[in-house]
2 protein chains.
Amino acid sequence: MAADVEEAVAAVRARGLRLSTPRRIVIEALFASPDPVSAEGIAGGLGGRLPKSDLTSVYRNLEVLEELGLVRHVHFGHAPGLYALASRDEQEYVVCERCSRHVALPADRLKRARAAIRDETGYEVRFTHFPLVGMCPDCAAGDGERE
Amino acid sequence: MAADVEEAVAAVRARGLRLSTPRRIVIEALFASPDPVSAEGIAGGLGGRLPKSDLTSVYRNLEVLEELGLVRHVHFGHAPGLYALASRDEQEYVVCERCSRHVALPADRLKRARAAIRDETGYEVRFTHFPLVGMCPDCAAGDGERE
DNA sequence: ATACTTGCAAATGATTTGCCAGTGT
DNA sequence: ACACTGGCAAATCATTTGCAAGTAT
């Protein structure tokens with residue numbers, strides 16, 4: 001479901017939405033970023049790789065695309081939300097709250113943890129929208145780095 | 001470590017800090033709330049139970065008390081941060097991202113999940129500062145409620 | 001007396017909303 | 001043509017910062 005820009009564009013049209021230039025740029029930006037990007041990053045044109053756009057429109061388009069199920073966003077700690085293609089963001093994240101280094105994990109890598117949480121709480125959790133937070137091995141070992 | 005207001009006051013003094021009226025009120029508010037409260041809740045006097053205070057001072061005092069290790073705060077989804085006594089907040093939380101219902105868990109209840117995550121990622125995670133997010137049994141069953 | 005604190009105003013950062021002009025279909 | 005969008009300014013929300021006046025020790 002939406003493996004490239006044209007497919008995403010088609011999905012947008014299929015829902016009766018229009019395809020304006022700013023909207024197309026947002027879509028392209030998402031396909032151009034291997035990692036989740038902030039709205040500001042997209043508005044800034046990914047640092048020159050794409051035309052800049054209005055930040056408000058970027059937010060509004062991300063919202064629309066998220067409703068369509070094409071986009072999703074993650075919150076790393078207190079940082080601004082980061083957006084990514086839903087098709088690509090089947091990953092879960094763990095962030096270090098000391099050095100803010102983060103690791104992306106394939107979808108079912110934390111199956112065991114999820115099952116343990118389900119057993120204990122009844123909740124079906126995911127670490128996609130709000131990632132796991134903790135200490136990375138280095139910071140836990142005592143020597144914090146970065147940030 | 002700080003089981004009642006006077007002990008907390010003593011801890012503050014022991015670190016060479018002054019004990020002003022606003023600061024004492026923040027401490028009392030934290031002891032008076034069984035659940036985590038927002039800065040605004042404290043400034044509002046917990047709805048009449050305590051004198052109101054200036055929101056800025058509340059934030060500043062919470063910050064100081066957090067540095068002393070007396071206080072800690074949790075982020076439930078996008079909601080404002082909630083503050084609680086560190087001695088009481090050895091709990092971890094699971095929130096439902098649909099109905100926002102949450103459950104507090106005793107400190108070691110998620111031991112297994114934490115261990116699984118440590119095995120898979122090397123990270124030592126805790127669900128105290130940023131809680132677990134997922135779907136509660138009811139919402140997962142299809143019938144969302146509240147909010 | 002002298003730092004530490006307060007309280008009010010103003011700044012900040014992320015995101016949203018209002019509103020009217022612009023434009024895709 | 002007409003509803004959907006864009007862009008810019010202004011609003012919001014939670015939190016922080018500046019700074020002069022107040023006060024605990």
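Basis for what follows: all heavy atoms, side chains included, without hydrogens, waters or symmetry-related copies. Just so it is clear: chains get the letters A, B, ... in the order the sequence lines come, proteins before strands, and each one is counted from 1.
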If you find the nucleotide of DNA chain D closest to B:Leu82 and the one closest to B:Thr21, which residue's nucleotide is nearer the 5' end?
-> B:Leu82
For D:dG7, does either OP1 or OP2 sit under 4.0 Å from a side-chain N or O belonging to A:Ser57?
-> yes
Treating Ile, Leu, Val, Met, Phe, Trp and Tyr as nodes and any side-chain heavy-atom pair under 4.5 angstrom as an edge, say whether A:Leu30 and A:Val9 lie in one connected cluster.
-> yes
Could you check A:Arg60 against A:Glu40 and say which one's nearest nucleotide on DNA chain C is further toward the 5' end?
-> A:Glu40
Proximal nucleotide (of D:dT16, D:dT5, D:dG7) relative to the A:Ser20 side chain = D:dT5
Is the shortest side-chain N/O distance from B:Tyr59 to OP1 or OP2 of D:dT15 below 4.0 Å?
-> yes
Report yes if a side-chain nitrogen or oxygen of B:Arg18 is closer than 4.0 Å to either non-bridging phosphate oxygen (OP1 or OP2) of D:dT23; otherwise report no.
-> no
Within the pair A:Arg23 and C:dG24, is there a side-chain N or O less than 4.0 Å away from OP1 or OP2?
-> no
Ignoring hydrogens and angles, are the base of C:dG24 and the side chain of A:Arg13 linked by a donor-acceptor pair under 3.5 Å?
-> no
Looking for any heavy atom pair under 4.0 Å, which part of the strands does B:Gly81 touch: base, sugar-phosphate only, or nothing?
-> sugar-phosphate
How is B:Leu55 classified with respect to the nucleic acid when contacts are heavy atoms under 4.0 Å: base, sugar-phosphate, or nothing?
-> base
Which nucleotide in the list D:dA9, D:dT25, C:dA14 gets nearest to the side chain of A:Thr56?
-> D:dA9
Which part of the nucleic acid, if any, lies within reach of B:Leu17 when heavy atoms closer than 4.0 Å are counted: base, sugar-phosphate only, or nothing?
-> sugar-phosphate
Do we see a donor-acceptor contact under 3.5 Å between the side chains of A:Ser20 and A:Arg18?
-> no
